[in-house]
Protein chains: 2
Amino acid sequence: MKQPTILDVAARAGVSKSLVSLVMTDPSRVGEANRKAVLEAAKDLGYRPNAVARSLVQRRTGVIGIVLSDLHNPFFADVADGIEAAASERGYRAMLSSGFLDPKRERSAITTMLELRVDGLIIMGSMMKVGRIEGVATALPVTLVGRHTRSKRLDSVCTDDAAGAREAVAHLAELGHTRIAHIHAGSAAGSPRRRRGYEKEMIKRGLVDRIRVFRGDFTESGGAKAMIEILNSGDMPTAVFAPNDAAALGAMEVIDDAGLDIPGDISLIGYDDLTLSGLPRISLTTVGQPRTDLGREAAQLVLERLDEGREDARHVVVPPSLVIRSTTGPPPGDADAQPSEDPQ
Amino acid sequence: MKQPTILDVAARAGVSKSLVSLVMTDPSRVGEANRKAVLEAAKDLGYRPNAVARSLVQRRTGVIGIVLSDLHNPFFADVADGIEAAASERGYRAMLSSGFLDPKRERSAITTMLELRVDGLIIMGSMMKVGRIEGVATALPVTLVGRHTRSKRLDSVCTDDAAGAREAVAHLAELGHTRIAHIHAGSAAGSPRRRRGYEKEMIKRGLVDRIRVFRGDFTESGGAKAMIEILNSGDMPTAVFAPNDAAALGAMEVIDDAGLDIPGDISLIGYDDLTLSGLPRISLTTVGQPRTDLGREAAQLVLERLDEGREDARHVVVPPSLVIRSTTGPPPGDADAQPSEDPQ
DNA sequence: CTGAAAGCGCTTACAG
DNA sequence: CTGAAAGCGCTTACAG
């Protein structure tokens, strides 16, 4: 089980260990005969460089750490694809860890990454407060994905969640909806802005009295629970704006099970435009985000600090885009279409 | 940007570096006063232990590496949950990397894990040949998830794919189907056995002439492509057994778009029982696997080698279970129900 | 309970 | 092009 080291290779090839190191690093700088001998010895022994030792002396690991809040949300998989693509183009490797939708476990995942001395860190859909994350940004480049911030110490990339939410609400309002409820995901990344966008657009449309906000989260079950509450609230909306597609799917399940028609009885909008949401049977109206691009951009931000010496914080915001499918339509009645009424 | 080391802490606390190390390792063995001084100095400096250095001397990293073939498949997220749970209970941390459904990139991900000197490796849904993976199993404990093997050098945990496939086909046959096609996913983990199970059950039922196999993969788009081929084959089956739920979803999309009814015109079965597959609008008949348990078991196998000195290979096979939902029903005609006929 | 020494497996200048 | 020496940041025996 003991692995061969550079010394074993050197002994077998009959050269010094420095020469072996040189061959491993830059074979072209070594004479033909010695190079061959070293390479052959390494192969015979099944030598595999010890990145731990290398990292210690180089003070860099070549690894970009990714901490995502939920491994189950396909949204992050696409972002991770983008990160990995950009990182590997520049000679870095990506390594993932999950925060399991829990700020404490997320914090622990981040700590592990820091102790492992990853060169840069990308945190997606964080459940933590930005202030707490800023504390680690002194040690290495950190980029937040999906969370808005104006921090001077770390970078961020996200879409304009408020704008996306407003587009969603505007779409519903233009279809004639006034009783539009919103499921939010607490302080999870992106949710506060989406909620604010919902509220602002409702106010702008003169629907301030119709604002109804229910607590859910970014998961299917969270969306389902919130939808059950909505159905039991005795104040049935004609449309629901969910905080993301996963939650919308949970809400959809509850609505379907209740025997209600979408969008006949109730319209539904999500956020993220998961591949899944485009399936004919789901056909969810949603707000799309350029997932892979978000990932590429996030990696780029880290690499700029790592390899180009950038020091000032950058915050990239890209526009979201409404994707209209089959879960939104006019409300059941039309008399409801006038704004600013008593909620009953 | 330079991080404080144990020496900085020692200097600030006015003690030797060994003492600092001791405090970090086992504070209870150090006197009250010194312990406090060290801890305070560490806090003031924002000291964070360098796991790279620690790993180098301890010759262990405390990390279990997970290489999964596809970050987009929610199946793996659940397995990873199980791994992480079992690993953290025993003081290990889990770290993920994707193989991007490509044997070469998978190999590269594995190599990175080895160079990083993870203590154990769990490979899920591998696209590689077992023989090639065995080569690395001399250096550290390796467990394969979802791939059958009798290797003497590494462990494996999976469900009985052949049995699951046979159950699926039996279910269709008992509904009266004879023209049952199968989409397979090449040599990807689990697929060959599922294909063989399909073929065996078809033969057992006297349907050897009705065997139709189409090449797809374990993704939605792979299932969709195969389904298009099936529709264009001029030999429409009354039922399709997909290699997994993701592929079944792709097939479902194509069938829906073609204006055909499921299960009225064609029955559909998947494999995995993703959460998603239970949604009312999907309601996919499928073969379930205990995902989290698979993960826990996989971690357990690695930990047994790591901490309990087990040397002989263990191969755990758990039974799958058919989950009957709404995508399977009797075939359109009933005359077809007799076995062993000319395929036209 | 505490300190000095050696070493984990590499790379990095630095001489030859 | 090649070799000896120092050191990355820790832990591990080993004396006191």
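Chain letters run A, B, ... following the sequence lines, proteins first and then strands; every chain starts at 1.
Judged by Watson-Crick or G-U wobble contacts below 3.5 Å, the nucleotide C/dA15 has D/dT2 as its partner.
In this structure, the CZ atom of A/R60 is 15 Å from the P atom of D/dG9, given to the nearest Å. Remark: P of C/dC8 and CD of A/Q3 are 15 Å apart, rounded to the nearest angstrom. Summarising the geometry, the separation between CG on B/D8 and P on D/dC10 is reported as 9 Å, rounded to the nearest angstrom. In this entry the distance linking CG of A/L19 with P of D/dA5 reads 16 Å, nearest Å. Nucleotide D/dG7 holds its C1' atom 14 Å from the CG atom of B/N50, rounded to whole Å. Rounded to whole Å, atom C1' of C/dC1 lies 12 Å from atom CG of B/D26. A/I6 places its CD1 atom 13 Å from the P atom of D/dG3, with the value rounded to the nearest Å. One atom, CG of B/L56, and another, C1' of C/dC8, lie 4 Å apart when rounded to the nearest Å.
For the OP1/OP2 pair of C/dC10 and a distance below 4.0 Å, the side-chain nitrogens and oxygens of A/Q58 include no atom meeting the criterion. For the OP1/OP2 pair of D/dT11 and a distance below 4.0 Å, the side-chain nitrogens and oxygens of B/R59 include no atom meeting the criterion. Distances shown here put every side-chain N or O of A/N34 at or beyond 4.0 Å from the OP1 or OP2 atom of D/dC1.
For A/S16, the listed nucleotide lying nearest its side chain is D/dG3; candidates were C/dT11, D/dG3, C/dG3. Across C/dC10, D/dT2, D/dC10, the shortest atom-to-atom separation from the side chain of A/L22 is found for D/dT2.
Test B/I66, B/L140, B/I64 against B/V118 for side chain to side chain contact (heavy atoms under 4.5 Å, CB included) and you get one pass: B/L140.
In this structure the side chain of A/L116 reaches within 4.5 angstrom of the side chain of A/T112, judged on heavy atoms.
Here B/V52 lies out of heavy-atom contact (under 4.0 Å) with every strand. Looking at heavy-atom distances under 4.0 Å, B/S21 makes contact with a base.
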Requested in this report: Step by step, work out the side chain to side chain contact (heavy atoms under 4.5 Å, CB included) result for A/R35 and A/L39.
Outcome: CA-CA 6 Å; A/R35 192 197 330 154; A/L39 258 17; 3.9 Å; yes
Requested in this report: With side chain to side chain contact (heavy atoms under 4.5 Å, CB included) as the test, would you mind laying out the steps for B/L294 and B/Q289 before giving the verdict?
Outcome: CA-CA 8 Å; B/L294 287 178; B/Q289 309 194 64; 4.0 Å; yes
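Where A/S28 and A/K17 each meet DNA chain D at their nearest nucleotide, the meeting point lying more 5' is that of A/S28. Sequence order on DNA chain C of the closest nucleotides to B/R117 and B/R29 puts B/R29 first from the 5' end.
Residue A/S18 places a side-chain atom within donor-acceptor reach of the base of D/dA4, judged by atom type and a 3.5 Å distance cut-off alone.
Ion pairing between a basic and an acidic side chain is recognised when a charged N comes within 4.0 Å of a carboxylate O; B/R291 and B/D81 show no such pairing.
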